[in-house]
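As structure tokens, the structure follows; a few thoughts come after it.
On a predicted model such as this, the values are computed, not experimentally measured, just so you know. Per chain, numbering begins at 1; letters A, B, ... match sequence-line order.
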Amino acid sequence: MSRQELEQLGIKIGLEIHIQLTKLKTKLFCGCNADYRDMPPNTYVCPVCLGLPGSLPSVNKKAVEFAIMLGLALNSKISNKTLFYRKNYFYPDMPKNFQISQYNKAGGVPIALGGQMILKFKEYDKRINITRLQLEEDPGRISYDGTILSSPIAYIDYNRAGITLIEVVTEPDFETPEEARIFLQKLRSIVEHLGIADLSLEGSMRCDANISLYGKNRVEIKNISSYKDVQAALNAEIIRQKNIYKHGGEIKQETRHWDSDKKRTFTLRTKEEEQDYRYFPEPDLLPIEISSEMITSIEENMPELPDDRINRFIKEYKLPRYDAEVLVITKSLADFYEDVVKKYQKPKEVSNWIMSDLMRHLNTLNIEINDSKICADDFIELLNLIDKGTISGKLAKRILQLMMESGKKPMEIAKEKGLLRINDLKKIQEFINKVFNTQPKAVSDAKKDPKAIHFLVGQVMKLSNGRCDPQITNKLIKEALNKI
Amino acid sequence: MIRHYHTIRDLIAEYKSGNKTVEDTIIETFDRIDKVENKVNAFILTLKNEAIQRAKELDKTLKKSGRKTKGKLFGIPIAIKDNICFKNYPTTCASKMLENYIPPYNATVIKKLLDEGAIIVGKTNMDEFAMGTTCESSYFGVTHNPWALDRVPGGSSGGSGAALASGEVPLALGSDTGGSIRCPASFSGVVGLKATYGLVSRYGLIAYACSLEQIGPMATNVSDCKDIFDVIVGNDPMDSTTISKEEMEQYLKKSFKDFPNSKGKFTFGIPKELLGEGIDPEVKKSVWDAIKLLEDLGGSYEEISIPSIDYSIACYYIIAMAEASSNLARFDGIRYGFRSEDKGNWNEVFANNRLAFGKEVRRRIMLGTYALSAGYYDMYYLKALKLRTLLIQEFEKHLKKFSFLICPTMPILPFKLGEAVNDPLTMYLADICTVPINITGLPALSIPCGFSQGLPIGLQIIGNYYEEYKIFQIADLYEKNAHTKNTFPKI
Ligand SMILES: [Zn+2]
């Protein structure tokens with residue numbers, strides 16, 4: 001659907017994003033190691049995160065600091081006193097059968113309130129208002145043998161229980177799914193620039209969305225796992241709702257589940273089945289006082305944020321705004337760019353290479369620069385090889401692809417695959433002779449019409465797999481034609 | 001009978017002089033336990049072999065060190081309420097739910113006791129999950145009052161109170177959420193303190209209502225009570241609600257030179273709400289006798305009014321039950337605790353397992369759930385919190401003026417067994433003098449002040465925040481002059 005079409009639907013979307021602060025060494029309320037991924041089940045646990053009788057939580061101060069950083073980056077107002085609340089519901093992934101979270105009602109004060117992010121599009125700028133930021137603990141994970149219905153056993157792993165989550169809640173300010181995607185992308189870049197999380201880790205960023213059309217009932221969508229998914233999920237839901245309205249139906253207020261395999265949403269529970277979480281202040285934790293001195297000192301030590309980095313790229317590397325924005329989409333890509341530019345001082349050329357070929361390969365492989373096998377030094381070597389004429393620009397593109405797939409150095413690939421440029425006159429002459437022998441008609445055409453020389457050059461390049469130096473080839477062919 | 005010394009300090013002195021070994025004490029302790037336990041039922045678990053083993057080790061270190069003891073509780077037997085986690089031994093909360101639960105860690109207070117040389121001889125009976133005033137709701141049977149075996153010992157730390165009164169142990173730990181230390185201290189004729197909220201770590205105390213409760217000392221005299229308190233008090237990084245290290249240092253340095261003043265005079269207040277209507281005449285008489293004695297000792301009193309006390313029972317039960325409904329949610333039988341047949345969906349499995357809770361526990365969970373539900377939260381919980389603020393203001397006003405406040409600990413004499421158990425409202429109302437202390441977080445001590453029909457009566461001394469040592473001072477003075485120290489029933 002085009003933007004105009006979407007506008008007519010009166011779409012309102014709000015997001016609730018859960019971000020694991022993966023750069024914390026320990027969990028939110030205990031000293032357990034927070035780097036739980038790939039560990040054997042129930043090994044990173046203690047009486048506190050298992051909710052054993054008598055255990056008590058104590059707040060990870062670094063988590064509070066990280067949350068303040070994100071609040072400042074989103075221009076939120078940091079609360080000078082913030083409270084934890086208990087959210088009560090029974091589910092076996094929660095060892096205490098309540099989650100220690102924060103709340104904005106019943107006297108609750110989340111760690112940060114308000115804030116905004118400006119999204120830049122070609123035709124317009126869009127301001128998205130932030131409602132609040134809150135800290136909470138992640139539950140454990142349940143898995144089954146097969147499906148939940150057929151499995152005789154449920155396996156519960158509490159390694160994840162107690163991991164720090166920060167929840168970012170936005171106002172329903174998004175009017176298109178694309179805006180939601182761009183927001184998440186930018187949020188991710190901010191989080192990574194702050195150094196508070198690595199969101200390339202599986203399950204480290206989860207999103208719920210609420211969406212309504214024509215100002216009517218709101219539907220909540222759960223289980224959106226990434227910014228790539230958000231657009232698909234919202235599009236699917238818009239089409240569903242649009243069709244129902246088109247046939248005179250009504251949308252019920254409900255919670256739906258996004259199935260990323262089937263690419264559609266399913267009813268999870270209706271409004272009547274919504275839980276009463278019985279929020280109340282967590283009596284085991286005192287309110288956290290956040291002094292203005294603490295906020296100032298965090299503010300003074302804030303790392304460079306994506307918007308500042310974009311401006312710096314424009315200024316320092318004389319890049320067009322578009323280039324800068326694309327490069328800063330993820331921190332890792334921007335870091336890669338700067339690592340290359342530091343040693344290879346042709347910023348625009350590097351930008352072109354990254355934005356075209358490198359990013360295309362990343363997209364095809366569906367990975368991020370961090371997960372690819374290429375490193376900045378090898379990439380620099382590749383560019384140097386082109387400059388020195390050791391390989392052609394065209395072949396360099398193939399070599400780059402192979403580098404990303406294999407992790408080998410460019411020279412190694414070039415030698416292995418025989419992709420080095422041929423500058424040797426004798427060798428080029430041999431290719432020319434072969435072409436002249438097999439294509440007498442083209443040779444006689446070229447003798448009459450100089451424009452037909454291009455065909456011969458092309459034939460030589462084809463025969464040499466593009467390795468012959470095109471200028472030398474051109475020159476030698478002209479000489480050869482003169483001799484005939 | 002183990003009682004041939006006055007205080008645990010005397011006992012430690014005997015170890016040092018070589019008159020007595022720690023092993024002797026432990027053997028005497030278990031002889032006494034073996035003799036009276038079938039009448040009293042104070043313990044859920046006794047640890048004879050472990051205690052004797054530890055006694056032998058302590059005797060060895062004593063010998064090696066040239067009879068120098070390390071530790072304020074060196075070689076002293078102590079009983080622990082069964083809602084405080086003792087590593088590798090069952091900690092049941094007197095519930096079928098936790099009948100087989102073995103904690104993998106020690107409560108902070110247990111570590112402190114062990115570090116000072118105490119010997120844990122067993123885990124004492126209590127009301128299930130500390131919810132009760134009579135010690136009758138235990139899954140492991142009722143505890144009997146050593147002064148009258150057909151009476152309750154008070155609750156919820158009834159086992160600790162009875163173990164002290166019957167001379168089984170000289171020291172015990174209890175926990176006090178709404179009077180659970182002071183009520184059994186009063187009913188069983190011993191001394192018990194509920195300290196200022198935040199002075200004693202709750203880490204390892206299985207929670208009933210976390211914003212109200214403190215672990216606290218119980219003993220047969222003020223000096224012993226103070227000695228355990230000295231050991232368990234302190235900041236704990238594992239319990240965020242304990243006061244900070246710096247504040248703790250200040251606290252321990254604090255002295256009360258102005259009390260009594262240079263002329264030996266002091267003042268105290270008597271809240272008329274706690275010594276008027278609804279107080280048993282026998283209890284009243286005993287407390288007035290105590291007031292007279294305090295006057296003779298240099299005190300002068302004024303009757304005062306704390307009007308919000310009238311609402312404190314409602315306020316207390318709303319807060320306590322609301323917190324309990326959440327605190328006890330974790331007992332679903334999935335990770336530990338009673339496990340019924342795994343049948344049906346998650347909620348059905350939970351519901352089946354949670355049938356292991358007794359009647360009173362279920363009642364409080366349900367009422368607490370109700371009080372926190374949408375639409376009722378403002379009406380009940382938030383109102384209760386407002387009343388809490390009001391009550392604090394009213395108490396503080398008087399505690400600024402007076403050295404302390406005096407009232408009965410319990411408004412009645414100990415219930416007969418079975419008398420209150422089916423009448424929850426009567427039972428709740430009996431907490432009128434104790435719950436305001438938990439709501440406000442103030443410290444209060446219960447000390448024996450007399451008898452009626454052979455049943456003990458307790459005097460409650462309420463101090464200002466962080467004035468436990470002042471309370472000990474006056475309690476000590478009273479005890480010396482009232483001759484209530486180490487009084488035991490014939491059993
Ligand atoms: Zn842990």
Q. Does B:R330 reach the main-chain N or O of A:G51 with its side chain, forming a donor-acceptor pair under 3.5 Å?
A. yes
Q. About how many Å separate CD1 of B:I206 and OG of A:S55, when rounded to the nearest 0.5 Å?
A. 9.5 Å
Q. Judged by atom type as modelled, is there a donor-acceptor pair below 3.5 Å linking the side chain of A:D276 to the main-chain atoms of B:A374?
A. yes
Q: Enter the distance from B:I243:CD1 to A:L286:CG here, rounded to the nearest 0.5 Å.
A: 11.5 Å
**Q.** Nearest-0.5 Å distance that lies between atom OH in B:Y105 and atom SG in A:C46
**A.** 10.0 Å
Q: Please flag which part of B:F129 lies under 4.5 Å from any non-hydrogen atom of chain A: side chain, backbone, both or neither.
A: neither
Q. Under 3.5 Å, side chain of B:R335 to main-chain N/O of A:P95, donor-acceptor pair present?
A. yes
Q. Ignoring hydrogens and geometry, is there a side-chain-to-backbone donor-acceptor pair from A:Y91 to B:W346 under 3.5 Å?
A. no
Q: Compare all side-chain heavy atoms of B:Y203 with those of A:V48 and state whether any distance is below 4.5 angstrom.
A: yes
Q. Does any heavy atom of chain A fall under 4.5 Å from the side chain of B:P104, the backbone, both, or neither of them?
A. side chain
**Q.** ring-ring contact (aromatic ring centres under 6.0 Å, His included) pairs, two or more places apart, involving residues 33-68 of chain A
**A.** none
Q) Heavy-atom distance under 4.5 Å to chain A: side chain of B:L205, backbone, both or neither? A) backbone
(Q) Do B:S325 and A:F98 have side chains that approach each other closer than 4.5 Å (heavy atoms only, starting at C-beta)? (A) no
(Q) Set out, in order, the CA-CA distance, both residues' side-chain angles and the distance that settles side-chain contact (heavy atoms from CB on, under 4.5 Å) for B:S326 and A:R278, then state yes or no. (A) CA-CA 9 Å; B:S326 173; A:R278 289 175 281 116; 5.8 Å; no
Q) Do other residues, nucleotides or ligands put more than 12 heavy atoms under 6.0 Å from the CG atom of B:N345? A) yes
Q: Would you mind checking which part of B:T369 comes under 4.5 Å of any heavy atom in chain A, side chain (CB onward), backbone (N, CA, C, O), both or neither?
A: both
Q: Give, as side chain, backbone, both or neither, the part of B:A107 having an atom under 4.5 angstrom from any heavy atom of chain A.
A: neither
Q | Contacting region of B:Y376 [heavy-atom separation from chain A under 4.5 Å] | A | neither
Q) Which heavy-atom pair separates A:S58 from B:P237 by the least distance, and what is that distance? A) OG-O, 3.7 Å
**Q.** Aromatic contact, A:F280 with B:Y377 (centres under 6.0 Å)
**A.** no
Q: For chain A, find which of B:P103, B:S211, B:G204, B:C85 contributes the most heavy-atom pairs closer than 4.5 angstrom.
A: B:G204
Q: Name the region of A:I156, side chain, backbone, both or neither, that has any atom closer than 4.5 Å to a heavy atom of chain B.
A: side chain
Q) Which value, rounded to the nearest 0.5 Å, describes the distance between B:D332 atom CG and A:F90 atom CZ? A) 7.0 Å
Q. Any side-chain donor paired with an acceptor under 3.5 Å for B:N327 and A:R86?
A. yes
Q: Inspect the surroundings of CZ in B:R339 and state if more than 12 heavy atoms from other residues, nucleotides or ligands are less than 6.0 Å away.
A: yes
Q.
Would you compute the distance between atom CG of A:D284 and atom CD of B:E323 and round it to the nearest 0.5 angstrom?
A. 8.0 Å
Q. Would a 4.5 Å heavy-atom cut-off, applied to side chains only, mark B:L372 and A:Y279 as touching?
A. no
(Q) I need the A:L52 CG to B:Y336 OH distance, nearest 0.5 Å. (A) 6.0 Å
Q | Derivation and outcome, side-chain contact (heavy atoms from CB on, under 4.5 Å), residues A:L56 and B:R202 | A | CA-CA 8 Å; A:L56 298 170; B:R202 290 180 296 113; 4.0 Å; yes
Q) Within the side chain of B:S240, is there an N or O that forms a donor-acceptor pair under 3.5 Å with the backbone of A:P57? A) yes
